[in-house]
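Step one of this worksheet: look at the structure below.
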There are 2 protein chains.
Amino acid sequence: MIKDTIKHEKWDSQLRKGSLELVVLASLNGRQAYGLELLKSLQQLPTMQLSEGTLYPLLDRLKREGLIAAEWYQEGDSRPRKYFQLTDEGQIKLAALTDRWRQSVADIEYLLDHPGPDPLFEE
Amino acid sequence: MIKDTIKHEKWDSQLRKGSLELVVLASLNGRQAYGLELLKSLQQLPTMQLSEGTLYPLLDRLKREGLIAAEWYQEGDSRPRKYFQLTDEGQIKLAALTDRWRQSVADIEYLLDHPGPDPLFEE
DNA sequence: CAATATACTATGTAATGCAAGGTATACGGT
DNA sequence: ACCGTATACCTTGCATTACATAGTATATTG
């Protein structure tokens, strides 16, 4: 069946547009990580097949916004790595975004579970 | 507290970017609706405060892609309204998007529920 | 020492949600 | 009849952002 081999890439990318910021903040909750490490860890999830070209600019933006902090760190004589971690502000933002995301999921679930004429609308 | 009056608008808009297509298709599942009717029905949901400038171009796009069909209809001597409904292709697409959306929600739930060092990663 | 892998950076493009403004018609009050 | 408001749809231009692509630099490996 063709259906099973449908490419999810474009739709996935569209879907990620809304939630990537939340996802990255959540991934940095309770741990430090450097760019590629974070990338590979996210890529373990089926809908999170993003690329470097997406992640690095996003990390830059989050840093500019003060939600994460970056710090170069060299382990032994390996290549220096730029480690990221949540700031206090980032923690707060993460909590707010999580709440709002759950609300959005609830709204969409409602729409999916209630097809047909809108009961909210026609009394 | 200022925190409680945080404006969700910008984040909501960002979040909608990923799912609006699914949302509109789901809203047309099992019923016909014209533009403003659909808009008002969506706006009953807290995270779906979109505007006409968002909905109409989206409906155009979905029509161009063959996922919905449009038809002008005049009831009595009221203003003619453009009614939209899902096509067969739209039905199929809706099912596929719904599956993928649920997968994405599961992935994000996983991230939110498992803070700290990535257990998928460090064995 | 070339080839590959790691790690980060930079540039340009396409998609899309939205604000703002536009057109046209119906209806209610005075 | 006239004016204001509501309904209904459309259009233009902008800002954001995920991504592809390419580039730089340093280890590591054969």
Side-chain angles (χ1 to χ4, degrees), chain A residues 7-25 32-43 47-65 67-68 70-84 97 104 121, chain B residues 7-25 32-43 47-65 67-68 70-84 97 104 121:
Chain A
K7 285 183 196 162
H8 293 296
E9 290 87 32
K10 273 180 206 138
W11 164 253
D12 279 1
S13 147
Q14 197 52 35
L15 196 53
R16 272 196 299 274
K17 251 180 197 156
S19 49
L20 246 193
E21 185 175 336
L22 167 65
V23 159
V24 166
L25 291 179
Q32 289 200 134
Y34 64 95
L36 280 192
E37 179 187 14
L38 193 52
L39 182 69
K40 283 172 194 155
S41 122
L42 286 175
Q43 286 175 342
T47 64
M48 296 296 154
Q49 302 303 310
L50 64 162
S51 69
E52 298 174 52
T54 299
L55 183 60
Y56 283 116
L58 174 57
L59 288 171
D60 283 348
R61 202 188 87 220
L62 294 175
K63 180 156 163 279
R64 273 200 313 279
E65 293 173 355
L67 303 178
I68 62 179
E71 146 182 48
W72 285 97
Y73 190 69
Q74 180 164 21
E75 218 167 340
D77 56 347
S78 69
R79 304 213 35 202
R81 289 158 170 171
K82 202 177 185 178
Y83 281 84
F84 296 92
L97 293 190
S104 158
F121 212 53
Chain B
K7 285 183 195 164
H8 293 295
E9 290 85 32
K10 273 181 204 138
W11 163 255
D12 280 0
S13 147
Q14 201 51 38
L15 194 54
R16 273 195 296 275
K17 248 180 198 156
S19 49
L20 247 193
E21 184 176 336
L22 167 65
V23 159
V24 166
L25 291 179
Q32 288 200 136
Y34 63 94
L36 279 194
E37 180 186 14
L38 192 52
L39 182 69
K40 282 174 195 154
S41 124
L42 286 175
Q43 285 175 342
T47 65
M48 296 296 155
Q49 302 303 309
L50 65 162
S51 68
E52 298 174 54
T54 298
L55 184 60
Y56 284 117
L58 175 56
L59 289 171
D60 283 348
R61 202 188 89 222
L62 294 175
K63 179 156 163 280
R64 272 200 314 278
E65 293 172 355
L67 303 179
I68 62 178
E71 146 182 47
W72 286 96
Y73 190 69
Q74 181 164 18
E75 218 167 341
D77 56 347
S78 69
R79 304 214 35 201
R81 291 157 169 171
K82 201 177 185 177
Y83 280 85
F84 295 93
L97 293 190
S104 157
F121 212 53

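Lettering follows sequence order; numbering is per chain, from 1.
Close to C:dC18, at under 4.0 Å from its OP1 or OP2, lies a side-chain N or O of B:Ser13. Dashed line: the shortest gap from a side-chain N or O of A:Gln14 to OP1 or OP2 of C:dT16 is under 4.0 Å. B:Tyr34 has a side-chain polar atom (N or O) that falls below the 4.0 Å cut-off from OP1 or OP2 of D:dA8. Contact annotation: B:Tyr56 reaches the phosphate of D:dC9 (side-chain N/O to OP1 or OP2, under 4.0 Å). Listed pair B:Lys82 / D:dC10 meets the phosphate criterion, a side-chain N or O lying under 4.0 Å from OP1 or OP2. Residue A:Thr54 has no polar side-chain atom (N or O) positioned under 4.0 Å from OP1 or OP2 of D:dA18.
Counting only distance, with no hydrogens or angles, the side chain of B:Gln49 and the backbone of B:Gln43 share a donor-acceptor pair below 3.5 Å.
With D:dT11, D:dA8, D:dC10 as the choices, the nucleotide that has an atom nearest any side-chain atom of B:Trp72 turns out to be D:dC10. You'll find that the side chain of B:Arg79 is closest to C:dT25, out of C:dT6, C:dT25, D:dC19.
Using a 4.5 Å heavy-atom threshold, the side chains of B:Val24 and B:Leu62 count as touching.
Nearest-nucleotide positions on DNA chain D for B:Pro80 and A:Arg61 put B:Pro80 closer to the 5' end. Each of A:Ser51 and B:Phe84 has a nearest nucleotide on DNA chain D; the 5'-most of these lies closest to B:Phe84.
Protein atom CD of B:Gln49 is 16 Å distant from nucleotide atom P of C:dG17, rounded to whole Å. At whole-Å resolution of the value, CZ in B:Arg81 and P in D:dA6 are 17 Å apart. Following rounding to the nearest Å, B:Lys40 (NZ) and D:dT7 (C1') show an atom-to-atom distance of 7 Å. To the nearest angstrom, C1' of C:dT9 lies 8 Å from CG of A:Asp60. Atom CH2 of B:Trp11 is separated from atom C1' of C:dG17 by 14 Å (rounded to the nearest Å). Whole-Å rounding puts the A:Leu39 CG to D:dC19 P distance at 11 Å. What separates CG of A:Leu15 from C1' of D:dA18 is a distance of 13 Å, to the nearest Å. Note: CG (B:Leu36) to P (C:dT25) measures 17 Å, nearest angstrom.
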Inset, instruction - Go through A:Phe84 and A:Leu38 one step at a time and tell me if the side-chain contact (heavy atoms from CB on, under 4.5 Å) criterion holds. - result: CA-CA 9 Å; A:Phe84 296 92; A:Leu38 193 52; 5.7 Å; no

Inset, instruction - Might you work through the side-chain contact (heavy atoms from CB on, under 4.5 Å) test for A:Leu15 and A:Thr47, ending with a clear yes or no? - result: CA-CA 9 Å; A:Leu15 196 53; A:Thr47 64; 6.0 Å; no

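B:Gly35 comes within contact range of the sugar-phosphate backbone alone, with a heavy-atom separation under 4.0 Å but no base atom that close.
The base of C:dC18 has none of its N or O atoms less than 3.5 Å from a complementary donor or acceptor on the side chain of B:Glu52.
Take B:Arg16 and apply the side chain to side chain contact (heavy atoms under 4.5 Å, CB included) test, not counting sequence neighbours, and it matches B:Asp12, B:Ser13, B:Leu20, B:Met48, B:Leu50.
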